[in-house]
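Worksheet: one structure, shown below.
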2 protein chains.
Amino acid sequence: MAVESLPEPWSSVSDRLRRRGLRWTPQRRTVIEVLAGADGHVTGAELVERCRGRDASTIPSTVYRTLDVLEELGLVRHGHDANGREEFHVLPAAEHGHLHCRQCGATWEIGDERATAVAAALRGADGFEVDIGHVTLVGRCADCVARTVATS
Amino acid sequence: MAVESLPEPWSSVSDRLRRRGLRWTPQRRTVIEVLAGADGHVTGAELVERCRGRDASTIPSTVYRTLDVLEELGLVRHGHDANGREEFHVLPAAEHGHLHCRQCGATWEIGDERATAVAAALRGADGFEVDIGHVTLVGRCADCVARTVATS
DNA sequence: CTCGCTATTGCAACGAGTCGCAATAGTCAC
DNA sequence: GTGACTATTGCGACTCGTTGCAATAGCGAG
Ligand SMILES: [Mn+2]
Ligand SMILES: [Mn+2]
Ligand SMILES: [Zn+2]
Ligand SMILES: [Zn+2]
């Protein structure tokens, strides 16, 4: 699929790059095509793998560097999973965080009201504006907590 | 410094290990001595480096595996810094989280009431019990937020 | 179309961990 | 003390990224 025929904001990436004095290269085109076909979250390694599917000569460092510039353009945002590994949120997606239960291993998205409440709690006294989507919060889900209490 | 002369809980580690059918080895002794001399946070790499200072033949995988068993004993807890890299909290230290400002690069500890408020916000509807100390929350500090508003 | 500037690439080395496996060495029972 | 059982170690390979550097190749100007 040609980049020009992709939906916004992907189709205008080449122009946005050139306007900044940056360049439109075949390698970046590959990354864009892969991102346009991804939805929600993708890990860095997955992205590299998918790029290699389209172009076997894909080099990891080039992909990661491209992701860096796309993040500056606001087209993706990176975060970290429960183990600290990178994952990319493909935009425009609603801002959201993740919770992970270390006992049962489940990971799920945090609801919007919940995210707002957390942000408010952190803003509290010192005015810190948290980027709730950057990390995966770890803990135990209600079911696992209940199960443990019952057992002990 | 001999392990036996270290303060609790370090001096009893050998016994606690043996009671579980685990073993007391020179390599583990080295890690314990280093941990007893550390306070607050240490990254995994730092720990390996310090162990190498006492015993040049220290192997990284052995140190990391030792940290795993010490975490099971509750003597250390690992978390992740703003870049997802591991850091270890040496116990017994008060439970606490970290905030990091991506604009000015500062990192600081989160106050106790603040941590409680965040935990409450997350517990909210679905009963998730967050381990606030596991990750470093990223965002912008009040100063940087104010500075940006003024500029724009 | 050609040229020159410099952003970007490929590559190779490195950093932070993790994992499987064969050899080693604690521990406990006698 | 000796021996056996098996937890642990060392090692090498591998994953996920990051970085410096020299060669390549976009892009805008003429
Ligand atoms: Mn973790
Ligand atoms: Mn990050
Ligand atoms: Zn759970
Ligand atoms: Zn700041």
Side-chain angles (χ1 to χ4, degrees), chain A residues 3 12-32 34 41-52 54-73 76-88 134-136, chain B residues 3 13-32 41-52 54-73 76-88 134-136:
Chain A
V3 168
S12 60
V13 172
S14 51
D15 290 336
R16 295 182 61 191
L17 287 172
R18 277 188 284 254
R19 233 175 284 133
R20 291 195 175 208
L22 304 180
R23 294 170 187 177
W24 180 236
T25 67
Q27 293 82 353
R28 287 182 175 171
R29 182 198 186 101
T30 301
V31 175
I32 293 295
V34 166
H41 329 96
V42 211
T43 67
E46 266 167 12
L47 241 17
V48 170
E49 208 39 57
R50 294 189 197 170
C51 285
R52 227 187 266 283
R54 291 177 168 263
D55 176 358
S57 67
T58 297
I59 301 298
S61 60
T62 298
V63 174
Y64 285 109
R65 285 191 281 224
T66 296
L67 288 167
D68 285 345
V69 343
L70 295 180
E71 189 156 11
E72 265 159 48
L73 293 188
V76 300
R77 297 194 70 173
H78 86 272
H80 301 271
D81 70 12
N83 300 310
R85 299 251 160 85
E86 282 189 328
E87 59 182 11
F88 290 86
H134 195 73
V135 293
T136 296
Chain B
V3 168
V13 173
S14 51
D15 290 335
R16 295 182 61 192
L17 287 172
R18 278 190 283 254
R19 235 174 285 133
R20 291 194 175 208
L22 303 180
R23 293 171 187 177
W24 181 237
T25 68
Q27 294 82 353
R28 288 183 174 170
R29 181 196 187 103
T30 301
V31 175
I32 292 296
H41 329 97
V42 210
T43 68
E46 267 167 12
L47 241 15
V48 170
E49 208 40 56
R50 294 190 198 170
C51 285
R52 228 188 266 283
R54 291 180 169 260
D55 175 358
S57 68
T58 297
I59 300 298
S61 59
T62 297
V63 174
Y64 285 110
R65 286 190 281 224
T66 295
L67 288 167
D68 284 347
V69 344
L70 294 180
E71 189 156 11
E72 265 159 48
L73 293 188
V76 299
R77 296 193 70 172
H78 86 274
H80 300 271
D81 70 13
N83 300 309
R85 300 250 160 86
E86 280 190 330
E87 59 181 12
F88 290 85
H134 195 73
V135 293
T136 297

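Keep in mind the model is a prediction, meaning the values are calculated, not measured. What you see below is based on every heavy atom in this structure, not just the backbone, and it leaves out hydrogens, waters and symmetry mates. By convention in this document, chain letters (A, B, ...) are assigned in the order of the sequence lines, proteins followed by strands, and residues within each chain are numbered from 1.
Below 30°, between 30° and 60°, or above 60°: for B:H134 and B:H78 the angle between ring planes is above 60°, a perpendicular geometry.
The two residues B:D55 and B:T58 come nearest to each other via the heavy atoms O-OG1, 2.6 Å. Considering all non-hydrogen atoms of both residues, A:D81 and A:E87 come closest at CB-OE1, 4.0 Å.
Contact annotation: the side chain of A:L47 approaches that of A:L67 to within less than 4.5 Å [non-hydrogen atoms, C-beta and beyond].
Using a 4.0 Å cut-off between a side-chain N of Lys or Arg and a carboxylate O of Asp or Glu, B:D15 and B:R18 qualify as a salt bridge.
A:I59 places its CD1 atom 16 Å from the P atom of D:dT18, with the value rounded to the nearest Å. Atom pair A:R16:CZ and C:dA7:P shows a separation of 19 Å (rounding to whole Å applied). Between the P atom of C:dA16 and the CZ atom of B:R50 lies a distance of 14 Å, rounded to the nearest Å. Regarding A:R28, its CZ atom lies at a distance of 10 Å from the P atom of D:dC27, rounded to whole Å. Counting to the nearest Å, the P atom of D:dT8 and the CZ atom of B:R20 are 11 Å from each other. Taking atom CG of A:N83 as the reference point, atom P of D:dG17 lies 11 Å away to the nearest angstrom. Distance CG (A:L17) to C1' (D:dG28): 16 Å, rounded to an integer number of Å. A:D15 places its CG atom 10 Å from the P atom of D:dG28, with the value rounded to the nearest Å.
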Legend entry - Contact pattern, 5' to 3', of nucleotides 18-30 of chain C - B, S or - by protein heavy atom under 4.0 Å: SBB----BBS---
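The 5' end of DNA chain D is approached more closely, in terms of each residue's nearest nucleotide, by B:G21 than by the other of B:T62 and B:G21.
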Inset, instruction - List the steps and the verdict of side-chain contact (heavy atoms from CB on, under 4.5 Å) for B:T25 and B:T66. - result: CA-CA 10 Å; B:T25 68; B:T66 295; over 6 Å; no
